[in-house]
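Since the structure is predicted, the reported quantities are computational estimates derived from the model, not experimental observations. Only this structure's heavy atoms are used, side chains among them; waters, hydrogens and symmetry mates stay out. So you know, we letter chains A, B, ... as the sequences are listed, proteins then strands, and number each from 1.
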Number of protein chains: 2
Amino acid sequence: MTEQPGPRTTYRHGDLRRALIEAGTELAREGGPDAVVLREVTRRAGVTPNAAYRHFADKSALVRAVSLAAQSRLAAAMEEEQSAIADDVDGRKSVAALAQAKLRAVGAGYLRFAQTEPGLFRTAFANHVDIRDAATEESAGAHGRTPFQLLSDALDELVDAGVLSADRRGGAEFVAWSSVHGLAMLVIDGPLRGLDATQRLVAAQRLLEMVQNGI
Amino acid sequence: MTEQPGPRTTYRHGDLRRALIEAGTELAREGGPDAVVLREVTRRAGVTPNAAYRHFADKSALVRAVSLAAQSRLAAAMEEEQSAIADDVDGRKSVAALAQAKLRAVGAGYLRFAQTEPGLFRTAFANHVDIRDAATEESAGAHGRTPFQLLSDALDELVDAGVLSADRRGGAEFVAWSSVHGLAMLVIDGPLRGLDATQRLVAAQRLLEMVQNGI
DNA sequence: CACACTTGTGTACAGTGTTCACTTTTACCT
DNA sequence: AGGTAAAAGTGAACACTGTACACAAGTGTG
């Protein structure tokens, strides 16, 4: 992305930190979190392995940065799905139906990203992601909201619309997130990998339905 | 377990394959799938690294075997939870309530194992587990049933008891499994790691409730 | 312009998975 | 029995990895 052609001319790289994250992201996309190996990352950035240590404490710090970048892309996928819905109906639906559609879009975007970019998805949740990262700016999408925040927003709207009772609001993100996350993991990396596209879609629809009914 | 004290006396090990799996399981328990490293495994078995290649094609095959062993322990945890329920009520409940309790036990055992043995749990689902393994004998518990089969059984009983309508039976294992698996992953390895014991329990109860209502 | 600071390089080390050639033990066949 | 082929172990080597240490090349500030 930044400098493929030969060794760079300047001694200083210019924006090595970003270049390392980008190269790491590319590796993660191709082979998941284990594929982001420090030496290869620096190689792609046209720099010595040790140069990475000027920008990251160690490999795990680099991977964490890549993970945040992946989360940011996940947020973007969710926002995309949401805006598609908004464009589609644009006020023709009741607030309740719209709020439900918005929550559904959160889940659908999540699942779509997991299947479209399994390597990045696994990286997003691979290593020691802390809930404190759920609100960090680096993992936010275009509108500045992280995946977790997007889910929270959708649930809040569901309460405002009267679909979800206030006393069931607490902890709702945990169970909603769990369901969707579980399906994603099982489908891309787990025992449900064998499922073909239509089976996956059916399972996804069924799951989102369950969340809507059971939350 | 098999031979700690010094180098063994016989040239042949006797049961190296099992010893390797046991050592690998111990490592997995302590540090998850990435901690099971071939050289350390052979070291613990008192054998040269290359000896492992007489029993496993490569490292990933060894890890797969360890993964199956972990799944087997998971099945045992689920069976344990189920038999506890059976002892508790023993015919005092209706078939419907008993079937529901059995399904709940499946989920509870799953979540308990994930939190009690996070390393093994992560290993059980880490690398390239195939759904075909879901029926393999090596991953079965004491009663010869794999985790997936235990879930299927519980859902079947739910249909027999008239709690779950037959037309909602198909694909039910996917959504049920997904929910529980997702919570487990998020709690032990993901963004929900910060939750304390009571928060986890609340989330678990809430989730199992949702599955019961929404399935 | 000198000097401290940042950012990159070079060399080195321990640890990993895996291959190849070798030795030791076991099992089988006449 | 005895000879022999397969099975199960060893040993040295290679190409990797992450990381530490000492040093060099640029950069901004007094």
Ionic contact status for A:Glu40 with A:Arg44, cut-off 4.0 Å = yes

Which word best sums up how the rings of A:Trp177 and A:Phe125 line up, parallel for under 30°, tilted for 30 to 60°, or perpendicular for over 60°?
-> perpendicular

Return no unless some side-chain N or O of B:His13 is found under 4.0 Å from OP1 or OP2 of C:dT25.
-> no

Taking only N/O atoms, report every protein-nucleotides 1-4 of chain C pair under 3.5 Å with atom names and distance.
none

Counting side-chain heavy atoms from CB outward, which of D:dG18, D:dT10, C:dT16 is closest to B:Thr48?
-> D:dT10

Starting from the C-alpha separation in whole Å, work towards a yes-or-no answer on side-chain contact (heavy atoms from CB on, under 4.5 Å) for B:Glu80 and B:Arg112.
-> CA-CA 11 Å; B:Glu80 224 175 89; B:Arg112 177 169 64 81; 3.5 Å; yes

Over how many whole Å does the gap from A:Asp15 atom CG to C:dT6 atom C1' extend?
-> 15 Å

Calculate the interatomic distance between B:Leu20 atom CG and D:dA8 atom P; express it in whole Å.
-> 12 Å

How long is the line joining CZ of A:Arg17 and P of C:dT6, in whole Å?
-> 16 Å

With no angle test and no hydrogens, is the base of C:dG15 tied to the side chain of B:Arg39 by a donor-acceptor pair under 3.5 Å?
-> no

For the pair made of CZ in B:Arg18 and P in D:dA8, what is the distance, rounded to whole Å?
-> 15 Å

Phosphate contact (C:dT6 OP1 or OP2) by A:His55 side-chain N/O below 4.0 Å | no

Can you check the A:Phe56 CZ to D:dT19 C1' distance for me, whole Å?
-> 16 Å

With respect to the side chain of B:Ala51, which nucleotide from D:dT10, C:dT18, D:dT17 is positioned closest?
-> D:dT10

Below 4.5 Å, heavy atoms only, C-beta onward: do B:Arg168 and A:Arg206 meet side chain to side chain?
-> yes

Would you mind reading off the distance between A:Asp58 atom CG and C:dG15 atom P, rounded to a whole angstrom?
-> 18 Å

Just by distance, do the side chain of A:Arg73 and the backbone of A:Leu120 share a donor-acceptor pair under 3.5 Å?
-> no

Please check if the side chain of A:Gln199 supplies one atom and the backbone of A:Asp196 the other of a donor-acceptor pair under 3.5 Å.
-> yes

Within the structure shown, what part of the strands sits under 4.0 Å from B:Arg43 by heavy-atom distance: base, sugar-phosphate, or nothing?
-> sugar-phosphate

Round to the nearest Å and state the distance from B:Leu62 atom CG to C:dT16 atom P.
-> 14 Å

Stepwise salt bridge (charged side-chain N to carboxylate O under 4.0 Å, His left out) test for B:Arg145 and B:Glu79 = CA-CA 9 Å; B:Arg145 310 243 72 187; B:Glu79 288 172 348; over 6 Å; no

Give the nucleotide from the list D:dT10, D:dT19, D:dT17 with an atom nearest to the side chain of B:Val47.
-> D:dT10

Length of the NZ-P vector between A:Lys59 and D:dT19, whole Å = 8 Å

A:Arg39 meets the salt bridge (charged side-chain N to carboxylate O under 4.0 Å, His left out) criterion, sequence neighbours left out, with none

If the sugar-phosphate is the primed atoms plus P, OP1 and OP2 and the base is the rest, what is the B/S/- string for nucleotides 20-28 of chain D, using protein heavy atoms under 4.0 Å?
-> BB--BBBS-

For the pair B:Ser67 (side chain) and B:Val63 (backbone), establish whether a donor and an acceptor sit closer than 3.5 Å, ignoring hydrogens and angles.
-> no

salt_bridge(A:Arg169, A:Asp156) N-O dist < 4.0 Å = yes

